[in-house]
Every structure is written in structure tokens, then in C-alpha cells.
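Heads up, the thing below is written out as C-alpha cells.
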Amino acid sequence: YTHIYTHRQSVAQSEVQEQSRRWYSVSHLSVQERIDRKRNAALIGGGQKRIDAQHKRFAGDSVVTGQGRINGRLVYVFSQDFTVFGGSLSGAHAQKICKIMDQAMMVGAPVIGLNDSGGARIQEGVESLAGYADIFLRNVMASGVVPQISLIMGPCAGGAVYSPALTDFTFMVKDTSYLFITGPDVVKSVTNEDVTQEELGGAKTHTAVSGVAHRAFENDIDALLNLRNFFNFLPLSNQDPAPVTECHDPSDRLVPGLDTIVPFETTKAYDMLDIIQGIADEREFFEIMPNYAKNIVVGFARMNGRTVGIVGNQPKVASGCLDINSSVKGARFVRFCDAFNIPILTFVDVPGFLPGTSQEYGGIIRHGAKLLFAFAEATVPKITIITRKAYGGAYDVMSSKHLRGDVNYAWPSAEVAVMGAKGAVQIIFRGKSNQAEQEAEYVEKFANPFPAAVRGFVDDIIVPSTTRKRICRDLEVLASKKQTNPWKKHANIPL
Amino acid sequence: VNMNLSNTECIFFVASRLITRLLHCLWQVMKTCKKMGIKTVAVHSDVDASAVHVKMADEAVCVGPAPTNKSYLNMDAIMDAIRKTGSQAVHPGYGFLSENKEFAKRLAAEDVVFIGPDTHAIHAMGDKIESKLLAKAANVNVIPGFDGVVEVSYTVNMVVLATTFCKEGFRLSSQEAASSFGDDRLLIEKFVDNPRHIEIQVLADKHGNALWLNERECSIQRRNQKVVEEAPSTFLDPETRRAMGEQAVQLAKAVQYSSAGTVEFLVDSNKNFYFLEMNTRLQVEHPITECITGLDLVQQMIRVAKGFPLLHKQEDIPINGWAIESRVYAEDPYKSFGLPSIGRLSQYQEPIHLPKVRVDSGIQEGSDISIYYDPMISKLVTYGATRAEALQRMEAALDNYVIRGVTHNIPLLREIITHPRFISGDITTNFLPEEYPEGFKGHQLTSEGRRELVATAAALYVSAQLRSQRFLGNLRVSTTPQEQRQWELCVELEKGSHTVAVSRSGSTFTVEVDGVTVEVSGEWNLASALLPVTINRTPRVLQCLSRDAGGDITLQYLGTQFKVRVLSQLVSTLSAHMPEKVPEDTSSILRSPMPGSVVAVSVKPGDVVAEGQEICVIEAMKMQNSLIAAKAAKVKSVHCKAGETVGEGDLLVQLE
């Protein structure tokens with residue numbers, strides 16, 4: 001009986017392989033295939049039968065690979081098959097993945113991995129480990145050459161987790177996918193911690209706490225459909241420009257709501273997403289890591305059809321200050337955009353870096369430097385809009401003119417200064433009684449965009465409602481921007 | 001019109017956002033002032049600094065922080081501001097100080113013209129009990145049995161109509177009254193059956209002349225607040241109209257009224273009418289009277305305030321055509337016909353491109369609707385030669401009204417104006433609870449409506465799919481594009497699923513919904529908030545509120561928002577294999593139904609509550625809401641305390 005079943009499985013496998021050449025095209029075959037596999041997994045069950053099965057060989061091993069097109073654009077895909085040896089990684093499995101990755105590098109097309117694997121195939125021993133390393137090497141070589149996306153659709157444990165970690169984006173499926181180095185059982189035996197799979201490495205943990213995953217989706221189908229949508233934002237390789245799609249939203253559209261969005265009280269919060277959605281084409285913003293380090297907002301949008309990466313401080317969370325997590329989140333995103341020719345829009349409302357022992361001990365200096373590094377080395381078009389506060393070192397960091405910002409705008413509400421009025425007056429006029437008066441004078445002199453504008457650090461003070469119009473126009477101009485950094489083997493970003 | 005007001009004249013506006021929001025009128029007043037060459041000054045609280053009326057005024061003065069008793073009700077600050085700006089006249093706005101006799105007195109003492117009736121009239125009419133005694137003396141019909149003393153034997157019609165919870169209701173009402181108007185007395189009066197609320201607009205000058213400017217029917221109400229108004233009323237015959245008008249004028253003359261005012265009546269099914277109260281100000285619904293009479297009430301008020309006699313005679317006042325007003329509120333109509341909602345207006349477009357549509361609003365795109373004020377967004381007025389024409393325009397206006405970022409009551413408004421009973425004119429003040437005893441549930445789709453909606457959603461989905469395959473100037477897209485001609489889709493709507501086949505020729509989609517062919521054509525502009533389409537040759541305006549990668553589309557169709565999910569046939573079959581998500585058990589948790597502040601928490605952890613027992617009271621926009629336990633249980637935890645501000649959906653109390 002088992003024999004018949006496994007035979008059918010192998011036949012089905014080769015069929016799937018045939019189809020998989022086109023399976024990521026418009027027809028959603030991938031979904032079909034994945035579901036079938038899930039069902040099969042349920043049929044086979046675990047335990048003894050699985051161990052039995054592990055001594056058999058399967059045509060195609062535990063991974064399906066191929067290439068296809070999403071909305072007409074080429075993509076290479078591999079999908080691990082949990083129904084075969086628990087999706088464990090064998091030498092053959094690894095070779096198949098390496099093969100398409102090599103091809104993807106040669107033709108310049110993104111690689112999407114659908115991960116669903118229990119880990120190394122223990123029976124194969126070191127061969128399996130070698131397979132991992134082969135994939136890791138290719139992940140590293142492809143990094144910055146073609147976009148790599150991982151979608152975790154089931155368990156992904158042990159060494160297998162490092163492949164997604166090396167790719168540009170890791171997405172997860174809520175409730176059914178897990179990422180961890182060691183599972184709950186091992187954790188229990190080593191550190192005596194009681195923790196469930198979901199708590200240890202579920203989608204919620206990785207999108208909100210660890211920052212390992214960039215986004216989570218409701219279920220397999222939702223994840224695949226969103227991935228297709230996300231793919232439309234990305235260029236095919238570092239040799240291709242950011243894609244431009246047909247756009248129905250007028251590029252000169254005024255956004256009247258922006259004129260009133262920044263509150264008069266400098267301490268009052270507003271939602272940076274309102275600004276971003278206001279200026280973006282059709283209010284569409286694909287946010288990356290929406291639940292992690294929420295004091296910075298990063299993600300993709302389109303301006304007049306052209307993909308842009310947007311970075312914005314979020315005044316709604318921790319006043320939008322920069323801390324360790326937000327710096328790292330921002331830096332990685334900026335580097336991705338720079339690697340793949342995606343222009344960067346930066347919305348600045350930052351009161352500074354977050355003070356405190358936990359931040360200092362955690363190395364905010366080192367981590368903050370990453371964001372500074374990323375903005376400074378980026379050679380793609382960089383447009384910066386200071387909406388309100390741009391204080392101190394954080395002003396420098398947030399794509400300032402000094403870090404080769406191409407166009408730097410300030411809204412009338414902008415305050416470009418070394419620090420806020422209160423702090424500054426306390427330092428300069430320590431112990432003096434007329435602090436309120438001095439504060440007012442400080443606000444008058446420094447808490448506005450003029451000092452920066454007269455020195456050319458800000459190109460123009462603009463009416464907020466015209467922001468979209470100006471950005472679209474500037475992006476058109478900057479589309480042919482050419483800038484190179486001096487030759488080097490690679491830079492030494494403060495990791 | 002002979003206007004002898006010099007250009008240096010300055011009118012001071014005591015207008016909060018309440019008014020501004022209800023700005024409707026205020027905005028109109030300012031416009032009229034500008035037209036008349038009068039300088040304007042607006043006062044505002046901290047949070048209203050960027051409100052439309054403040055920007056529109058020539059000068060603005062801040063009178064305090066957001067709570068109204070520290071700003072708009074703060075007479076000292078306002079008097080100061082009046083002196084500072086040298087204003088010669090004050091427009092009191094609506095609500096707040098507009099009917100405060102103390103304020104009018106102080107103005108008179110400083111020789112500042114109060115635009116509105118004089119202190120005596122406000123005094124007489126401001127008190128509901130006293131005004132009834134006066135009306136009775138002036139031979140105006142008052143509710144039988146009323147003589148100023150509460151007779152408990154009557155069925156009482158209280159602000160909160162709940163005899164069994166009378167005490168509770170009384171407490172809530174008087175607290176509400178105290179919180180907003182600083183007066184905690186309640187009026188108890190006889191219950192009139194099947195009542196209609198019909199009011200007469202009067203206009204009187206300082207020389208003893210008074211006119212009645214016909215009636216407005218305001219029977220469509222919820223919780224004693226008007227929702228839809230019209231002028232004239234379908235119910236009144238010329239005799240009744242004249243009788244009501246004459247009594248209204250008698251009353252105005254009896255109190256030496258000198259401004260625009262409104263005399264409200266309850267009318268029963270036999271056309272007996274009873275005086276209810278007199279509003280000594282320009283009311284929200286005044287534009288419909290302007291529409292049918294052709295008079296600019298604001299201008300008349302300013303003239304009268306300056307001491308000019310009326311220009312018109314009673315026989316000059318016509319009824320030309322029909323006008324309807326819908327009050328567009330930022331509130332959720334699915335919760336007791338409207339609980340306040342807050343948010344930022346991310347998109348806002350008024351349907352003023354349509355003919356004979358007037359929108360008076362105090363907000364703009366980007367405005368914040370906060371918990372502090374009345375939630376009115378605008379008043380939408382349409383006018384037509386006949387009632388049918390005005391109603392048709394109202395339908396179109398509501399369909400073309402784009403409001404995003406806050407929940408609004410357009411679904412309810414559109415259902416009311418297309419309701420057969422409303423169209424026939426057979427309405428009472430109980431219309432809403434009578435027609436929707438289970439609460440308002442939105443538009444109920446007919447099978448044809450369903451098909452139209454499904455077809456439009458499918459066509460929209462296909463146009464979006466097609467567009468996502470079009471890249472500009474990209475050389476690496478496959479050179480042999482195969483554009484699909486036929487789509488097999490599955491559309492889910494309200495738990496029903498439809499098999500749909502779509503084919504396209506140009507911008508026209510032929511959609512087969514469960515075997516019936518529907519033809520949908522349109523521009524398919526995916527960036528526009530409005531989605532004008534022609535469905536089977538009938539033009540319709542839908543709105544696309546959201547569209548995401550997972551196939552979920554939210555469309556506004558016939559006023560109501562519907563969530564539609566469009567999936568390819570294959571994805572739909574596979575969806576069946578997706579694990580089901582378990583929804584949260586809602587009976588053991590109590591969430592805030594609206595944003596507001598917590599007035600009182602009546603339980604603490606460990607208490608045992610009975611089903612229906614009050615757990616806490618939330619107040620927002622002058623309205624208190626008592627939250628009750630859905631089942632008998634022990635209180636597990638309490639997550640709020642009195643005085644706190646809570647958002648919609650925030651966890652308040654957890655039961656075991």
C-alpha cells in the first residue's frame with residue numbers, strides 16, 4: 001500500500017516539475033502544488049511512516065525548482081516539499097537550488113524561495129551540511145546582484161534558517177510557519193525554558209520582537225498573492241532600473257491634507273503614514289517590518305508609476321527618535337534600495353537618538369552608525385523632506401544634504417537645530433532665571449528652516465501640499481543620475 | 001438691498017469647531033459678511049487653530065484650551081478678545097453661548113451688537129418650561145395638560161425613553177445636560193403619539209414686524225437629533241401651514257423677538273399641532289428655507305441686528321420647489337443609528353460639481369475629527385422643482401460624496417431617502433426605530449443589485465490585474481505577452497459565493513454572474529476615489545474604498561459599503577484548504593464601541609455582574625453611553641479608569 005502511494009507521489013512529483021517551469025506565472029500553479037503537498041503530508045502523517053520513507057529515494061528529492069514569470073517578468077523559484085523527507089535538505093536538494101541560483105545570477109532575475117524544511121537530512125551527514133554551505137555561498141554571491149526573497153511557509157529550523165536570513169526579504173505565514181535555530185525541546189533541555197513553537201519562532205515573534213522577518217501574511221494563499229504584488233516593486237537585477245508601471249494618479253496632484261497635518265505643538269504626535277500615503281500613487285504603500293521598531297517607517301511605494309523606497313521617522317511612536325532597532329531597520333532598507341537602483345525618499349521628523357543606559361550599553365553608537373553609513377554610501381537619487389524636527393546628529397544621519405542628498409526640502413514647520421529649545425536654553429543659560437524668555441528667542445532664531453536654508457543645506461522651503469508634485473518632477477530629473485563611490489573591495493560598514 | 005454697513009465694521013465670531021464642524025452656517029455667515037464688506041474675527045481653542053473658519057476670518061484670537069468650558073464657554077476670555085479686536089458686533093455661533101442670556105447681557109453692557117434676538121427673548125425662550133408658559137399666554141397651542149408642574153401620572157417622554165431604567169436615564173440625561181450646557185434640570189412632558197416634528201422659520205425686526213417663512217419638516221431623527229430635513233413638508237395643507245405660521249408670529253411678537261428664529265411644533269396624525277420650543281438662533285437646517293423662499297437669512301439677520309426694518313411682506317414669501325437637507329455625521333450608523341467615530345479625513349471631496357447641490361461644511365481634507373465636539377461633517381442640501389427631483393439629486397450627491405478616514409452615516413442617509421415610506425411622506429419622529437427595529441443593517445441587496453455589485457467588483461479586479469502587467473519602458477518583459485481574454489473568477493460577497501466569467505472588449509466588460517450576463521463599462525481609473533460605471537446601460541457611481549493584493553475589494557454601492565473578495569477560480573478552490581482562524585470570543589470582553597473618555601467604572605475585579613448590568617460609562621461628543629455586561633459573570637480584570645481617554649475597540653473590562 002505504501003509502495004503504491006509513494007509511486008504515485010513520485011509520478012506526481014515529476015508532473016509538478018514539468019509544470020513548475022511556468023508555475024509562478026499568472027496561473028497560480030504554485031498554490032495548487034503547495035496545497036496538494038499539504039494534503040499529502042496529512043495523509044502520510046508523521047512518526048514511523050516518515051522514518052520508513054526516509055530510506056526511500058524520491059524522483060526530484062524534496063524540492064521543486066524552476067523559473068517562470070510574474071506579470072510577464074522573469075523569476076526563479078524553489079519550493080521545499082515537506083511531504084518528502086520533511087523537506088529535509090540533501091545533497092541533491094541543495095544542488096537543485098544552487099542550479100537555479102546560478103542561472104538567476106547569469107540572466108539577472110530575482111530568486112524566490114518557498115521554505116518548508118525540517119533541517120538537514122541526518123542520514124546524509126556531512127553531504128547535507130555541504131549542501132547548506134553551497135546555498136549560503138550563492139545567497140551571499142547573489143546579494144546585491146539579484147533580489148532574493150524568502151517566504152517561510154512551514155517549519156524552517158536549524159541550519160536552514162540562515163538561507164532566509166541572508167536573503168533581502170523574509171516573509172512568513174501567520175500561525176503555520178516557524179523559524180528557529182533550535183526547537184522548543186532543545187531549548188527546554190538546554191536552558192530549561194518552557195516555550196511554544198509559536199512563541200519561540202512564530203510569525204508574530206519574528207515580525208514584532210526579533211526583526212528577523214519583514215512581514216507576515218494570513219495564510220499561504222494570501223502570502224503568495226501578496227508576494228506577487230510585492231514583486232512588481234522590484235527591479236530584476238542590479239543592472240535594471242526600478243520598474244515603472246502605468247499610473248492613473250496625476251503626478252501634479254496636490255495633497256491639501258498635508259498643509260494641516262503637522263500639529264502646532266512641537267510635542268504633539270501625528271502619523272507619518274498619513275504623509276506617505278498622501279503623496280504615494282493611489283495611497284499604496286508596501287510597508288516593510290510594520291510591527292518592528294515602529295519609530296521608523298520603511299517600505300515601497302510608487303511615484304508617478306516609478307518604484308521608490310521611503311524612509312520616515314514615525315512621530316507617533318517614541319517621538320520618532322532613532323534607537324538601535326530603528327537604525328538597523330532603516331540601514332538595511334536603505335542599502336537594499338541603493339543596491340537595486342531604487343530612489344530613496346526620506347521624511348524627517350527626528351528629535352535625536354534615544355538616550356539611556358540600555359541604548360548605550362546596547363551599542364547605539366555602533367548601530368546608529370549603520371544608518372549613517374547606509375545613507376552616506378547610497379548613490380541612488382535621494383530626496384529628503386524635513387517635516388518638523390531635525391535635531392542634532394540625527395539630522396545629519398537622515399539623508400541630509402551633507403550626505404549627498406540630491407534634493408532636500410523643508411516644510412514651513414521644519415526646525416533644523418542642534419537640539420530642542422528647552423534643552424538648548426538649559427545648557428547655554430544654566431542657572432539663569434529668564435529661561436522662558438531665552439527659550440522664546442531660541443525658537444525664533446533656530447527652530448525654523450531658515451538657518452539651514454540660507455546655508456544651502458535645504459534647497460527650498462515648500463508648501464506641504466505641493467510635495468508630491470515636486471518629488472515626481474525631481475525623480476524624473478534624477479532618473480539619469482550617475483554617481484560612483486571610489487573603488488574598493490568592499491566598504492567596512494560597522495556591523 | 002440697502003446695506004449701510006461701513007467697511008470698518010467688524011463682526012466677532014464666537015464659533016467653536018462645534019459650529020465650525022457645524023460650520024455649515026458659520027461659513028455661510030462669513031461668506032455673507034465678506035460679500036457685505038464686513039471684517040471678521042474668529043475665536044478658537046488651541047485645537048481649532050487650523051479650522052476652516054479660523055483661516056477664513058480676517059483675524060483670529062485664541063481663547064483657551066480644548067475643553068469647551070475653558071474656551072468657548074469662557075465668557076471673560078471672550079469679552080477680552082472682543083475688546084481687544086474692537087469688534088462692534090458679535091455673532092454667537094450655534095450652541096454654547098449663542099443662547100446664553102448672561103452673555104447677551106454683558107454684550108449689551110459694552111454696547112456691542114449681538115447678532116440675534118435681544119436678551120429678553122433669549123431669556124424668555126431659553127428656558128423650556130418658561131417658554132411654554134409664555135406660549136400659552138400668547139394663545140399658541142401647547143401640549144395638553146402641561147401647566148409647569150410635573151404630573152407623574154403622564155407617560156413621560158424623557159431624553160432617554162426607558163421607563164424601567166428611569167432613574168438611570170435621568171442620571172445620564174442630567175449629566176449630559178450639565179456637562180455641555182451647565183444646567184441639569186430636565187423637562188418632563190406628555191407623550192404625543194405618532195408625532196411629526198415640523199418647525200416654522202420666523203423673521204422679526206426691531207420695529208414690531210414679523211414674518212413666517214414657511215415650515216421645515218424634521219421628523220427623521222435619531223436620539224432627538226435631526227438627520228434629514230425638508231422644506232416644505234408633505235404633510236401640511238395651506239390652512240394648517242397658515243395657522244402654524246400665524247401662531248409662530250404671535251409668539252415672536254409676544255416676546256418682542258427681533259432676529260431669525262424657529263418655532264418648533266409637534267404635529268399629530270390629525271394635524272393638531274403643539275408648541276415645543278423656540279430656537280432663538282439660525283438653525284442648522286436654515287438653508288432649505290433659503291432655497292424655497294429665496295431669502296438670505298444671514299443677511300436678513302445682520303440687517304435686523306443693525307436696526308433696519310424688514311424688506312418683505314408676508315405675501316412676498318413664496319414656496320418655490322423643494323429642498324432636502326441631509327446631515328452628514330462622522331458616526332457609525334450601524335451602532336444605534338450613529339455613534340461618534342473619530343479619525344483624520346484622509347480624503348474628502350464634496351459633490352459640489354453636481355447641479356443644485358449645496359454643501360456647508362467646516363472641514364477639509366486632512367481635518368481631524370476629535371472626540372471633543374459634535375461629529376457633524378457637513379450639511380448636504382439639494383434642491384429641485386419637485387420633491388422627486390430633489391430626492392434624485394440627493395441620491396446622486398450622496399453617491400458622489402467622498403469621505404475617507406472616518407466612519408460616516410451616508411449609508412443610513414441614502415437608505416432613508418430611498419425608503420418607500422419616506423418617499424410617500426408617511427413619516428414620524430419614530431421613523432428610524434419603527435423601520436429598523438433591529439438596528440440599521442445597511443442596504444439590503446436585491447438579487448439584481450448583488451449581480452451588479454459582483455460584476456463591477458470582478459471588472460475592477462480584472463482591470464487592476466491587466467494594469468499590473470503593463471510596465472513602461474522595460475525591455476525585459478516577455479516579448480510575446482499573452483493577454484488573457486477570458487477570466488474565470490469566484491466572487492465572495494456576504495458569505496455567498498458567485499462563479500463569474502469575465503471577458504473584455506476595450507473598457508467594456510461582459511460579466512456572467514451565475515449564468516446571467518451583466519455589462520459593465522467605465523473609465524476604470526484605478527486612482528480615483530469615485531468609480532463611475534454604466535451597468536447594463538444604467539449609469540451608477542460606486543466608490544472603491546480599498547483594493548488589496550489578496551483580492552479584497554471594498555466598494556460603496558448605493559451608499560453602503562460592501563466587502564467583496566475576488567479570487568481566480570483556482571485560488572478559490574484552494575482557499576478551502578486554508579486553516580480557519582478562530583475569532584475572538586466577544587461575550588466575555590467589553591470593548592469601547594467608540595472613542596471617548598471614561599466617565600465611570602462601576603465594577604472592580606472579582607465582582608459578580610448580572611447580564612445587562614452597567615459596567616462603565618463612556619462619554620464622547622456630549623453623549624454618554626452606558627456599557628453593559630453581555631452575560632452574567634465574574635469580572636476578571638478592568639483595564640480602564642474614570643477620566644481616561646479610550647479609543648474605539650480598546651479593551652475595557654474582561655469577564656471570566
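Every chain is numbered from 1 and lettered A, B, ... according to where its sequence line falls, protein lines coming before strand lines. Remember, it's a predicted structure, so these values are computed and weren't measured experimentally.
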Inset, instruction - Kindly indicate whether the side chain of Glu282(A), heavy atoms from C-beta on, has any atom under 4.5 Å from the side chain of Arg547(B). - result: yes
Legend entry - Rounded distance [0.5 Å steps], CG in Leu225(A) versus OG in Ser568(B): 7.5 Å
Inset, instruction - Answer with side chain, backbone, both or neither: which region of Asn232(A) has an atom nearer than 4.5 Å to a non-hydrogen atom of chain B? - result: both
Inset, instruction - Supply the atom-to-atom distance Gln469(B) CD to Asn71(A) CG, rounded to the nearest 0.5 angstrom. - result: 5.0 Å
Legend entry - From OG (Ser346(B)) to CG (Asp271(A)), nearest 0.5 Å: 11.0 Å
Legend entry - Over all atoms of both residues, closest heavy-atom pair of Thr260(A) and Gln364(B): CG2-NE2, 3.8 Å
Legend entry - Nearest heavy atoms of Glu365(B) and Pro256(A), plus distance in Å: OE2-CD, 3.8 Å
Inset, instruction - Examine whether an atom of Glu284(A) lies under 4.5 Å from a heavy atom of chain B, and if so say whether it belongs to the side chain, the backbone or both; otherwise answer neither. - result: neither
Legend entry - Point-to-point distance, once rounded to the nearest 0.5 Å, from CG of Asn229(A) to CG of Asp548(B): 8.5 Å
Inset, instruction - Supply the atom-to-atom distance Ser528(B) OG to His248(A) NE2, rounded to the nearest 0.5 angstrom. - result: 11.0 Å
Inset, instruction - Find out whether Thr245(A) and Arg470(B) are in side-chain contact, i.e. whether some heavy atom of one side chain is under 4.5 Å from a heavy atom of the other. - result: no
Inset, instruction - Measure the shortest side-chain to side-chain distance between Gln347(B) and Arg283(A) over non-hydrogen atoms and say whether it is less than 4.5 angstrom. - result: yes
Inset, instruction - Flag the one option from Gly108(A), Pro250(A), Ala109(A) with the top tally of heavy-atom pairs under 4.5 Å to chain B. - result: Gly108(A)
Inset, instruction - Compare every heavy atom of Leu258(A) with every heavy atom of Arg344(B), then report the nearest pair and how far apart it is. - result: NH2-N, 4.3 Å
Inset, instruction - Sort out for me which of Leu567(B), Asp552(B), Asn525(B) touches chain A most, counting heavy-atom pairs under 4.5 Å. - result: Asn525(B)
Inset, instruction - Please check if the side chain of Arg467(B) supplies one atom and the backbone of Cys247(A) the other of a donor-acceptor pair under 3.5 Å. - result: no
Inset, instruction - Determine whether Leu472(B) and Arg306(A) make a side-chain contact, defined as any pair of heavy atoms from C-beta on separated by less than 4.5 Å. - result: no
Inset, instruction - May I ask you to check whether over 12 heavy atoms, not counting those of Gln103(A), lie within 6.0 Å of atom CD? - result: yes
